[in-house]
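In what follows, residues are counted from 1 in the order of the sequence shown.
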Amino acid sequence: MMNVSSILKALEKRCLQKIFCSHLVTRSGGLPLPFVPSSPPLDVTDLEELQDFISSSEKLFVLTGAGVSTESGIPDYRSEEVGLYARTNQRPIQYSDFVRSAKNRQRYWARSFVGWPRFSSFQPNAGHCALSELEKLGKLHWLVTQNVDALHTKAGSRRMTELHGCLYRIICLECGSLTSRFDLQKRFEALNPGWNEEGHGVAPDGDTFLTDEQVYSGYRFILTAHEKNIPIAIVNIGPTRANHLASIKVTQRCGEVLSRIVTFC
């Protein structure tokens, strides 16, 4: 798996074109999700411009954030009115807090233990599947996701870097051993027999409640592309900090947009 430094070097050396995919509105079958932003009807002109953008790309570089998984049932943090930041006081635990305090680690794993059965059951949506199909068609050169939900992998994407890792793989910070999250769940169950605390809601990092493309780590790729005069297209419901850098901005759900694009590739 490529690290961040390798990805940035590859981005600088190669003429990659970028599309940033984010928020979706409905689950397959048209069932609304209460935490997904609404969006205006799809503009045909915008769709045609995006189609031309992708068709003319020799090496398409795709960056996805939490919004691409909302149609699968996983809420994001930052969407206005419907994101977890708007609806709750829930905040993701920071790495520095996790390693500094045994109590923080215990609290995180307790909530993860409760939330894992639901989180691991989520399936890819039309957006994930469309990106996988673009890869199979030879149009998608590389995918970088900020998500830890493994939905791109479940959809069949292989030319991919998980920028923040994946919740399905657990690495020991002391010895470096790799453990399946499913195996870790069995260990938790064995160590906590009879504990059946109910979870209330789920977060993009798999955290749960017990009774920024606003993320800067992804924004650096867009800044690098802009500095190299590489064309940028954004598909996102709502504003992003990169709007002013993009030549194309489609305000619509990725599932609908990308599934239509694939049919013409």
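With hydrogens and angles left out, the side-chain atoms of Ser55 and Gln51 include a donor and acceptor closer than 3.5 Å. Between the side chains of His152 and Thr64, a donor-acceptor pair is found at a separation under 3.5 Å.
Gln185 has its side chain out of reach of Ser120: every pair of non-hydrogen atoms, C-beta onward, lies at least 4.5 Å apart. In this structure, the side chains of Trp142 and Lys59 stay at 4.5 Å or more apart for every pair of heavy atoms.
Note on Lys139 versus Glu58: no salt bridge recorded, every NZ/NE/NH1/NH2 to OD/OE distance being 4.0 Å or above. Here Arg253 pairs with Glu256 in a salt bridge; the nearest charged N to carboxylate O distance falls below 4.0 Å.
Under the 4.5 Å side-chain contact rule for hydrophobic residues, Ile171 and Phe182 do not share a cluster. Under a hydrophobic clustering in which Ile, Leu, Val, Met, Phe, Trp and Tyr are joined whenever their side-chain heavy atoms come within less than 4.5 Å, directly or via other members, Phe53 and Leu137 fall into the same cluster.
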Steps toward side-chain contact (heavy atoms from CB on, under 4.5 Å) verdict (Gln123, Leu151): CA-CA 6 Å; Gln123 297 300 315; Leu151 293 185; 5.5 Å; no
- request: Could you walk me through whether Arg158 and Thr153 pass the side-chain hydrogen bond (donor to acceptor under 3.5 Å, both in side chains) test, one step at a time?
  value: CA-CA 7 Å; Arg158 294 295 177 265; Thr153 299; 5.2 Å; no
message: As a quick check of understanding, evaluate side-chain contact (heavy atoms from CB on, under 4.5 Å) for Phe122 and Asp149, giving each step before the final call.
response: CA-CA 8 Å; Phe122 291 119; Asp149 53 33; over 6 Å; no
task: Would you sort out whether Phe98 and Trp109 count as a side-chain contact (heavy atoms from CB on, under 4.5 Å), showing the intermediate values?
output: CA-CA 10 Å; Phe98 182 87; Trp109 285 117; 3.5 Å; yes
- request: Tell me, with the steps shown, if Arg220 and Glu227 meet salt bridge (charged side-chain N to carboxylate O under 4.0 Å, His left out).
  value: CA-CA 11 Å; Arg220 74 182 73 175; Glu227 291 170 358; over 6 Å; no
- request: Let me see the working for Asn104 and Ile93 under side-chain contact (heavy atoms from CB on, under 4.5 Å), right down to the final yes or no.
  value: CA-CA 8 Å; Asn104 286 344; Ile93 187 172; 4.0 Å; yes
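Rounding to the nearest 0.5 angstrom, the gap separating the OG1 atom in Thr145 from the CG atom in Leu143 is 6.0 Å. Distance check, rounded to the nearest 0.5 Å: CG of Leu50 to CG of Leu42 gives 9.5 Å. Between the CG atom in Leu258 and the CG atom in Asn125 there is a gap of 9.5 Å [rounded to 0.5 Å]. If you take CG on Leu131 and CE on Met160, they are separated by 11.0 Å, rounding to the nearest 0.5 Å. Rounding to the nearest 0.5 Å gives a distance of 7.0 Å between CG of Leu245 and CD1 of Ile234. The OG1 atom of Thr161 sits 11.0 Å away from the CG atom of Leu63 when rounded to the nearest 0.5 Å.
Residues meeting the side-chain hydrogen bond (donor to acceptor under 3.5 Å, both in side chains) test with Thr251, sequence neighbours left out: Lys249. For Lys154, the side-chain hydrogen bond (donor to acceptor under 3.5 Å, both in side chains) partners are Tyr168, not counting sequence neighbours. Asp52 meets the side-chain hydrogen bond (donor to acceptor under 3.5 Å, both in side chains) test with no other residue; sequence neighbours excluded.
Nearest heavy atom pair, residue Cys166 against residue Ala150, reads SG-CB, 3.7 Å. In terms of heavy-atom proximity, Asn236 sits nearest to Pro239 at ND2-O, 3.9 Å. Closest heavy-atom contact between Ile232 and His226: CD1-N, 4.0 Å. Taking all atoms of both residues into account, the shortest heavy-atom contact from Gln252 to Pro41 is NE2-C, 3.6 Å. Shown here for Cys129 and Ala155, the closest heavy-atom pair between the two residues is N-CB, 4.1 Å. In terms of heavy atoms, Glu71 sits closest to Gly255 at OE1-CA, 4.0 Å.
Relative orientation of the Phe61 and Phe221 rings is tilted, given thresholds of 30° and 60° on the angle between their planes.
Ring to ring, Trp116 and Phe188 are not that close: their centroids are 6.0 angstrom or more apart.
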